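The structure appears right after this line, and notes come after that.
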Amino acid sequence: MVMSLEILIAVSFFIFGTLVGSFLNVVILRFNTGKGLTGRSQCQSCGRTLTASSLIPVLSYVWLRGSCKVCGSKISLQYPLVETLTGVLFLLVFFKAITVFETILALVVTGILVVITVYDFKHSIILDSFVYWFAGISFVALFINPETVSYVQPSLYALIAGPILALPIWFLWIISRGTWIGLGDAKLFLGVGWFLGLSGGVSAFALSFWVGAVVSGLLIFLSMVLRTRKLNLLAKDLTIKTEIPFAPFIILSFFIVYFFEFNLITLITP
């Protein structure tokens, strides 16, 4: 009975995550367009208002075979991917077995980071408003005891974790005049440091550069292979000078450290 209840709650977290992911898609699509978050969703090609059967997270995309049932135009793969990703992340929050306060905090932060990631992928822009929310929530959480939800005095290391991680990125941004890395990445590391703490933040900092280097290298290699074989499968050719969004690597590293407790300090110390 206990196991059945746990499975039911886990499934509920995933389903809730896909529903939130559907909403996040709306946020990503309409942000900075002058459109509000209210109002019915429409097909981006024919403008027809979507019915409820077309708005079921993930399932509608599969059922409609990725096409609008009215005009037949292709639906962006972003929609089911974001819904599934958010569902999986919400499920990981459940399995982390933390307090109610920490669960709510993690779910809110997860939603914010998903928006930042996808928007940066699409537009190569880190949204300041969402980064500030992430940093602000992470900072305020330092002063709250997660078990009693009461005031607690954070340690000096917890308070300086954010600035310590952000300063090197800010320095790179200054000396390169924004050509090497964006100022938004420094702002993002503020929240990473305050949320994960100094040890976890340093681990995420190092991991983000490792992951970024590996993934960027693989993408450039793949682009070269496809270009050599005259296969136009990528939107554009990638070179060593191509600007690749860094925020997704930061956020991926954040989740690895948070969910799987990756700690670089314990790995390198005897």
Side-chain angles (χ1 to χ4, degrees), residues 17 20 23-24 27-28 31-32 86 89-90 92-94 96-120 125-174 178 181-209 245-265:
V20 172
F23 172 73
L24 297 181
V27 174
I28 295 165
F31 194 85
N32 278 341
T86 310
L89 290 173
F90 274 36
L92 289 175
V93 171
F94 167 74
K96 191 165 176 61
I98 47 184
T99 67
V100 174
F101 173 79
E102 289 174 304
T103 298
I104 296 173
L105 176 67
L107 294 179
V108 172
V109 165
T110 295
I112 292 173
L113 293 182
V114 168
V115 171
I116 294 173
T117 299
V118 180
Y119 202 90
D120 195 30
I125 297 173
I126 297 179
L127 296 171
D128 274 346
S129 54
F130 284 85
V131 171
Y132 292 148
W133 271 107
F134 172 48
I137 290 172
S138 300
F139 182 75
V140 171
L142 295 176
F143 297 86
I144 302 175
N145 185 314
E147 296 182 357
T148 61
V149 195
S150 57
Y151 173 81
V152 65
Q153 177 63 45
S155 67
L156 177 61
Y157 288 115
L159 290 172
I160 65 174
I164 284 180
L165 295 185
L167 278 175
I169 305 300
W170 177 79
F171 179 72
L172 290 175
W173 177 77
I174 288 291
I181 201 165
L183 184 59
D185 298 311
K187 300 172 185 176
L188 186 56
F189 269 120
L190 273 175
V192 171
W194 283 328
F195 194 96
L196 296 178
L198 188 56
S199 178
V202 169
S203 300
F205 185 93
L207 190 60
S208 64
F209 281 93
F246 188 47
F249 301 129
I250 299 174
I251 293 170
L252 173 60
S253 302
F254 169 89
F255 283 131
I256 291 174
V257 172
Y258 179 65
F259 288 125
F260 304 105
E261 299 181 357
F262 173 82
N263 194 316
L264 181 63
I265 307 301

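Keep in mind the model is a prediction, meaning the values are calculated, not measured. Sequential numbering from 1 along the given sequence is applied to the chain's residues.
Under the 3.5 Å distance criterion, the side-chain polar atoms of Thr99 are matched with a main-chain donor or acceptor of Pro146. A donor-acceptor pair under 3.5 Å is formed between the side chain of Ser203 and the backbone N or O of Leu264. A distance-only check finds a donor-acceptor pair linking the side chain of Trp194 to the backbone of Leu159 [under 3.5 Å].
Put simply, the side chain of Val115 does not reach to within 4.5 Å of the side chain of Phe23, judged on heavy atoms. Side-chain atoms of Leu190 and Leu165, non-hydrogen and from C-beta on, never get closer than 4.5 Å to each other. Two residues are said to be in side-chain contact when any heavy atoms from C-beta on lie closer than 4.5 Å; Asp120 and Pro248 meet this criterion. Side-chain contact between Phe94 and Leu107 is absent, with no heavy atoms from C-beta onward closer than 4.5 Å. Ile116 has its side chain within reach of Val131: a pair of non-hydrogen atoms, C-beta onward, lies under 4.5 Å apart. By the 4.5 Å heavy-atom criterion applied to side chains, Ile144 and Ser150 are not counted as neighbours.
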Point to revise | Pair Asn145-Val149, side-chain contact (heavy atoms from CB on, under 4.5 Å): steps then yes or no | key: CA-CA 5 Å; Asn145 185 314; Val149 195; over 6 Å; no
Practice item. Go through the steps to decide whether Ile169 and Leu188 satisfy the test side-chain contact (heavy atoms from CB on, under 4.5 Å), and finish with yes or no. Key: CA-CA 10 Å; Ile169 305 300; Leu188 186 56; over 6 Å; no
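Other residues, nucleotides and ligands contribute more than 12 heavy atoms inside 6.0 Å of the CZ atom of Phe259. Residue Phe171 qualifies as open at atom CZ: its count of foreign heavy atoms under 6.0 Å is 12 or below.
A tilted orientation is assigned to the rings of Phe195 and Phe134, their planes being inclined by 30° to 60°.
Aromatic ring centres of Phe31 and Phe130 lie closer together than 6.0 Å. Taking the six-membered ring for Trp and the full ring otherwise, the centers of Tyr258 and Phe262 sit at least 6.0 Å from each other. Between Phe209 and Phe205, the distance from one ring center to the other falls under 6.0 angstrom.
Within the cation-pi definition used here (under 6.0 Å to the ring centroid, within 45° of the axis), Lys187 does not qualify as a partner of Tyr132.
Here the closest heavy-atom approach between residue Gly111 and residue Leu24 is recorded as O-CD1, 3.7 Å.
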